[in-house]
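So the structure is just underneath, and the comments pick up after that.
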2 protein chains.
Amino acid sequence: MSALSRKIQHVSDESESGFDVPKLSRSTLNEEVYEQLKQALISGKIAPGSTMTIRSLASSFGISVMPVREALRRLVAEHVLTLLPNRSVSLPVFTRERFNEITRIRTSLEGLAAEEGARHVTPKMLTHMTHLTSLMEAKTAVSHTDTLAWNREFHFTLYTASKMPTLVKMIESLWLQAGPLLHLQQRVFAAQKQPVYVQHHRAIQAIKSGKPAQVRDAIVGDIEDAAEIISAAL
Amino acid sequence: MSALSRKIQHVSDESESGFDVPKLSRSTLNEEVYEQLKQALISGKIAPGSTMTIRSLASSFGISVMPVREALRRLVAEHVLTLLPNRSVSLPVFTRERFNEITRIRTSLEGLAAEEGARHVTPKMLTHMTHLTSLMEAKTAVSHTDTLAWNREFHFTLYTASKMPTLVKMIESLWLQAGPLLHLQQRVFAAQKQPVYVQHHRAIQAIKSGKPAQVRDAIVGDIEDAAEIISAAL
DNA sequence: TTGCGTTTTTTGTGATCACTCATTACAAGC
DNA sequence: GCTTGTAATGAGTGATCACAAAAAACGCAA
């Protein structure tokens with residue numbers, strides 16, 4: 001029938017924070033397309049500046065235009081894609097101004113999430129974060145994709161602990177917007193013989209000693225360190 | 001034909017083709033529906049917690065289901081409406097936790113926008129902001145809707161000056177999410193014999209004396225003052 | 001009256017078709 | 001040769017239909 005199959009999937013259960021959402025949800029085609037496009041974006045498979053048409057995407061997915069339409073509109077609403085005056089969508093090119101703006105917003109929001117998250121981190125989360133950092137620093141050659149995923153989980157474990165779901169969603173949106181550039185950072189990081197995530201360690205230590213403000217500083221530093229690397233390669 | 005008519009609207013007057021004036025732009029139905037729903041939301045016409053069906057909205061608009069669908073999905077993507085497990089949408093009820101979260105995010109983002117905007121405000125913008133504030137403080141009885149619109153314009157004039165478009169869009173989204181509560185604030189404010197927008201004056205003075213950090217403080221104070229009022233009435 | 005299983009209706013999702021606008025190609029005219 | 005009007009193609013928008021799942025209504029038995 002189609003390349004996309006209807007599956008039953010778990011929707012972020014967030015067990016300890018006890019949020020609303022139901023345990024099971026059937027995925028729709030437009031959600032599948034949305035996820036696929038998201039993956040394509042963060043893995044850099046889509047060239048910035050390129051426009052995409054509904055029909056071509058639909059035919060390549062083997063489905064009709066409607067789910068593609070909704071997925072694209074959703075990404076536009078999330079500021080990941082932009083709507084051209086022609087009403088066609090494109091992946092915007094990242095200017096240095098836009099990158100700097102996103103970075104400043106990120107330091108503001110993720111700083112808040114980190115400081116507030118630090119107040120609610122459980123010991124289990126902390127060991128998880130420590131584990132993730134050690135994984136990232138392991139000498140064994142790992143794929144950039146994995147490292148990126150670990151880094152992401154490190155940050156969002158902390159952010160989710162803040163119990164500010166709206167804030168976390170906004171940060172996710174920002175990460176998605178910056179998506180095409182994130183793996184660029186990873187490449188540079190990996191070029192160093194042994195990448196050391198100094199700010200991660202600072203954050204972990206600050207959490208242990210119960211200094212939320214220092215956790216904020218560490219996370220902000222982490223973002224700015226990465227931004228510097230990316231900005232140099234832009 | 002339909003309750004929503006396609007309108008021709010003036011967009012810009014710069015005509016490079018000699019004299020012929022108005023550039024024409026045709027709005028789509030889903031945008032119309034989106035705007036209508038937005039207006040209904042910020043004017044409090046939709047009860048929090050109420051669910052809305054695509055078909056009923058479509059029939060009341062006199063159009064087919066598709067534009068309504070897209071408009072609703074867009075509002076969901078902007079976190080204004082929520083998607084229930086049934087896949088129907090509803091206007092979420094505002095818990096005190098959610099309101100506090102939104103307020104904290106607002107102080108963070110609008111503080112940034114205010115501080116950065118203060119560095120780029122033109123004299124013309126400043127007089128405009130002063131004028132808006134005096135309008136809001138005028139003794140003559142004005143509608144809450146007007147006051148709300150003036151307040152909104154005051155803030156966004158400052159924010160837009162920051163030249164951070166992504167940031168401004170995110171703030172707009174937050175205002176929309178808080179929309180149903182904003183006119184609640186206005187009602188309380190109007191209950192005072194003569195509302196005085198202290199923080200507005202502080203902001204204006206700080207802009208004049210070139211102290212962006214103080215502008216930030218004033219705007220943050222404005223948000224927190226309003227939040228206190230709303231929180232008390234929640 | 002209450003509880004439960006069945007039927008009917010409602011509702012969201014996706015496919016297909018028709019329509020309009022934008023863009024391009026092409027050709028006629030200056 | 002360059003410009004301009006016109007046809008052709010492509011692409012987004014919206015209407016209608018079909019389908020599946022959820023909700024509501026109903027009926028029957030305890």
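Chain naming here is simple, since letters A, B, ... match the order of the sequence lines and numbering starts at 1 in each.
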Given DNA chain C, 5'-ward residue of the pair E70(A) and P85(A), judged by closest heavy atom: E70(A)

Is the phosphate of dT13(D), meaning OP1 or OP2, less than 4.0 Å from a side-chain N or O of N30(B)? no

In whole Å, I'd like the distance from the CD atom of E31(A) to the P atom of dG12(C). 15 Å

CD/E172(A): more than 12 non-hydrogen atoms of other groups inside 6.0 Å: yes

State plainly whether the residues E101(A) and R98(A) are in salt-bridge range, i.e. N to O under 4.0 Å. no

OP1, OP2 of dG12(D) versus side-chain N and O of N86(A): anything below 4.0 Å? no

Answer yes when E31(B) and R87(A) have at least one side-chain N-carboxylate O distance shorter than 4.0 Å, and no when they do not. yes

Considering only dT13(D), dT13(C), dA15(C), which nucleotide approaches the side chain of P67(A) most closely? dA15(C)

Where the side chain of S64(B) is defined as all heavy atoms beyond and including C-beta, which of dA11(D), dA23(D), dT16(D) is the nearest nucleotide? dT16(D)

Atom-pair distance (CZ on R87(B); P on dA21(D)), nearest Å: 12 Å

For the pair made of CZ in R69(B) and P in dT13(D), what is the distance, rounded to whole Å? 14 Å

Atom pair distance, as rounded to whole Å: CG in L29(A) and P in dA21(D): 13 Å

For M66(A) and dT13(D), give me the distance from atom CE to atom P, rounded to whole Å. 12 Å

Counting heavy atoms from C-beta on, name the nucleotide in dT16(C), dT13(C), dG14(D) closest to the side chain of T28(A). dT13(C)

Let me know the distance between CG of L57(A) and C1' of dG10(D), rounded to the nearest Å. 15 Å

Closest contact, heavy atoms only, A71(A) versus V33(A): CB-CG1, 3.6 Å

Atom CD1 of I63(B) and atom P of dT13(D): how far apart are they, to the nearest Å? 14 Å

Length of the CE-P vector between M52(A) and dA11(D), whole Å: 14 Å

Any donor-acceptor pair under 3.5 Å joining the side chain of R55(B) to the base of dG12(C)? yes

With a cut-off of 6.0 Å (strictly less than), are more than 12 heavy atoms of other residues, nucleotides or ligands near CD of E228(B)? no

Looking at the base of dG12(D), is there any donor atom on it, or on the side chain of R73(A), that sits under 3.5 Å from an acceptor on the other one? no

